Amino acid sequence: MGPRTAVARAALFEVLSEPLSLLLTLSALLLAIVAPVVHCHNFGEPARMACDAGLSALLTGGLALGIFAAVRAFRREEESGTLAMALVHPISRASFFLAKCAGVWLGVGALMWIVFCAMVVMVRGAQIGGGIAALNGDVPRVWGPSVALAVSIALLPLLAGAALNRFGHGRFVFSTLVLAIGAGTAALAYPWEGRLFPRLLAAAAFLVLPVGVFTAAAAALAVRLKDRYAVSIAFGLLVLSLPALGNYYPSARVFDAGRSLREGLLAAGAAIPLVAGFALLGVHFLNRKDIG
């Protein structure tokens, strides 16, 4: 295993072992599940509420995960003294920064996948429920299987993680999140039409782009600033960018119309230069940093 791969793998493990990652993932899951259920009486557009809630959970949860995970990953390296030890090995500071970011991106992407899987289940449940409610208004049957399955994506891994921690040698947070990734993937076997998944995947893919941008921004800030300052500035940039995010990432429109290529190219054209710019800024900060 090369030094870059080792750094990326360590960052991935850190993200999946961070208690805050578990808390934010569960919060995003709760939003994706509860929001459409609250509006289960309205099936004028069966999948609309479930889709909007899932995409909102993906975006807000992904952004929070990316910012906090990036800041913690880089600040932990410096606070523990492992940054200086890591740079003793044959790896440049630029390679270290980029590999660390890659590991954080992979970890955040894996956690977003859990929420995405729950969203697929809820949207399909809304579609099935819309047909049932249109016929006889039987609301309890609408959400029973889909809500139970979506909740199990969070609940079963929590119970299994606690058991592994209590009776074995498993780490609770890491075990729970890894099991949740597996449970979410398995939940995709829930009956649904084949055209649904690619449309939802295309819509969710747009949200990965802004998450990548703000993860890179938080990583660059964490090299230069303390935790609280890096997080505050990253969220400040996010608040200032909210109007652009709302107008430029038309996830719901992609889901409705089934289009993705043109919108994807436009979104990537905006996001990739920003990611590259923040990555270069982080490399610049790390090159100028006195490691000791």
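For the numbers below, each heavy atom of this structure counts, side chains included, while hydrogens, waters and symmetry mates do not. The shown structure was predicted, so the numbers you read here are calculated from the model rather than taken from an experiment.
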Can you tell me how far the CG atom of Asn165 sits from the CZ atom of Phe174, to the nearest 0.5 Å?
-> 13.5 Å
4.5 Å side-chain heavy-atom contact, Phe172 and Leu22 = yes
Applying side chain to side chain donor-acceptor pair (under 3.5 Å), which residue pairs with at least one partner in residues 104-113 are found, sequence neighbours left out?
-> Trp113-Thr185
Any side-chain heavy-atom pair of Leu158 and Leu179 under 4.5 Å | no
For Ala219 and Cys101 the tightest heavy-atom approach is CB-SG, 3.7 Å
Rounded distance (nearest 0.5 Å) linking atom CD1 of Ile33 with atom CE of Met122 = 6.5 Å
Partners meeting side-chain contact (heavy atoms from CB on, under 4.5 Å) with Leu106 (sequence neighbours left out) = Leu12
Check against side chain to side chain contact (heavy atoms under 4.5 Å, CB included), Thr25 and Leu65 = CA-CA 8 Å; Thr25 302; Leu65 280 165; 4.0 Å; yes
What's the shortest heavy-atom distance between Val275 and Ala216, and which atoms?
-> O-CB, 4.2 Å
Applying salt bridge (charged side-chain N to carboxylate O under 4.0 Å, His left out) to Glu14 and not counting sequence neighbours gives Arg76, Lys100
Within one Ile-Leu-Val-Met-Phe-Trp-Tyr cluster: Leu159 and Val151, side-chain cutoff 4.5 Å = yes
Would you say the ring centroid of Phe97 lies under 6.0 angstrom from that of Phe74?
-> yes
With hydrophobic residues grouped by side-chain heavy-atom distances under 4.5 Å, do Leu164 and Leu26 end up in a single group?
-> no
Determine, step by step, whether Ile114 and Leu111 satisfy the side chain to side chain contact (heavy atoms under 4.5 Å, CB included) criterion, reporting the C-alpha distance in whole Å, the side-chain angles of both residues, the deciding distance to 0.1 Å, and the verdict.
-> CA-CA 5 Å; Ile114 301 172; Leu111 299 180; 4.1 Å; yes
Would you indicate whether the side-chain heavy atoms of Phe13 and Arg171 approach each other to under 4.5 Å?
-> yes
Ring pair (Phe, Tyr, Trp, His ring centres under 6.0 Å) involving Phe68 - partner list, sequence neighbours excluded | Phe235
Which pair of heavy atoms, one from Ala230 and one from Leu221, lies closest together, and at what distance?
-> O-CD1, 3.8 Å
Which atoms form the tightest heavy-atom contact between Ala222 and Ala70, and what is the distance?
-> CB-O, 4.4 Å
Are Leu31 and Met112 linked, directly or through other ILVMFWY residues, by side chains that come within less than 4.5 angstrom of each other?
-> no
How many angstroms lie between atom CD1 of Ile153 and atom CD1 of Ile181, to the nearest 0.5 angstrom?
-> 12.0 Å
Leu200 versus Met119: any side-chain heavy-atom pair under 4.5 Å?
-> yes
Atom pair CG/CG of Leu149 and Leu156 - distance to nearest 0.5 Å | 9.5 Å
Listing, residues 53-63 side-chain donor-acceptor contacts under 3.5 Å, not counting sequence neighbours, or none:
| residue | atom | partner | partner atom | Å |
| --- | --- | --- | --- | --- |
| Ser56 | OG | Asp52 | O | 2.9 |
| Thr60 | OG1 | Ser56 | O | 2.7 |

Is there a chain of hydrophobic side chains (I, L, V, M, F, W, Y, each step under 4.5 Å between heavy atoms) that links Ile272 to Phe278?
-> no
Full working for side chain to side chain contact (heavy atoms under 4.5 Å, CB included) between Arg75 and Lys226 | CA-CA 7 Å; Arg75 294 305 305 169; Lys226 299 289 187 181; 3.7 Å; yes
Minimum side-chain heavy-atom gap Val173-Ser21 below 4.5 Å | no
Please tell me if the side chains of Leu209 and Leu274 come closer than 4.5 Å, counting only heavy atoms from C-beta onward.
-> no
Nearest-0.5 Å distance, CG of residue Asn287 to OG of residue Ser92 | 8.0 Å
Least distance between heavy atoms, Gly66 atom then Val108 atom = CA-CG2, 3.8 Å
Please round to the nearest 0.5 Å and tell me the distance separating atom CG of Leu286 and atom CZ of Arg224.
-> 11.5 Å
Go through the structure and list residues passing side chain to side chain donor-acceptor pair (under 3.5 Å) with Ser27, not counting sequence neighbours.
-> none
Kindly indicate, with the supporting measurements, whether the criterion side chain to side chain contact (heavy atoms under 4.5 Å, CB included) is fulfilled by Thr215 and Val104.
-> CA-CA 8 Å; Thr215 300; Val104 173; 3.7 Å; yes
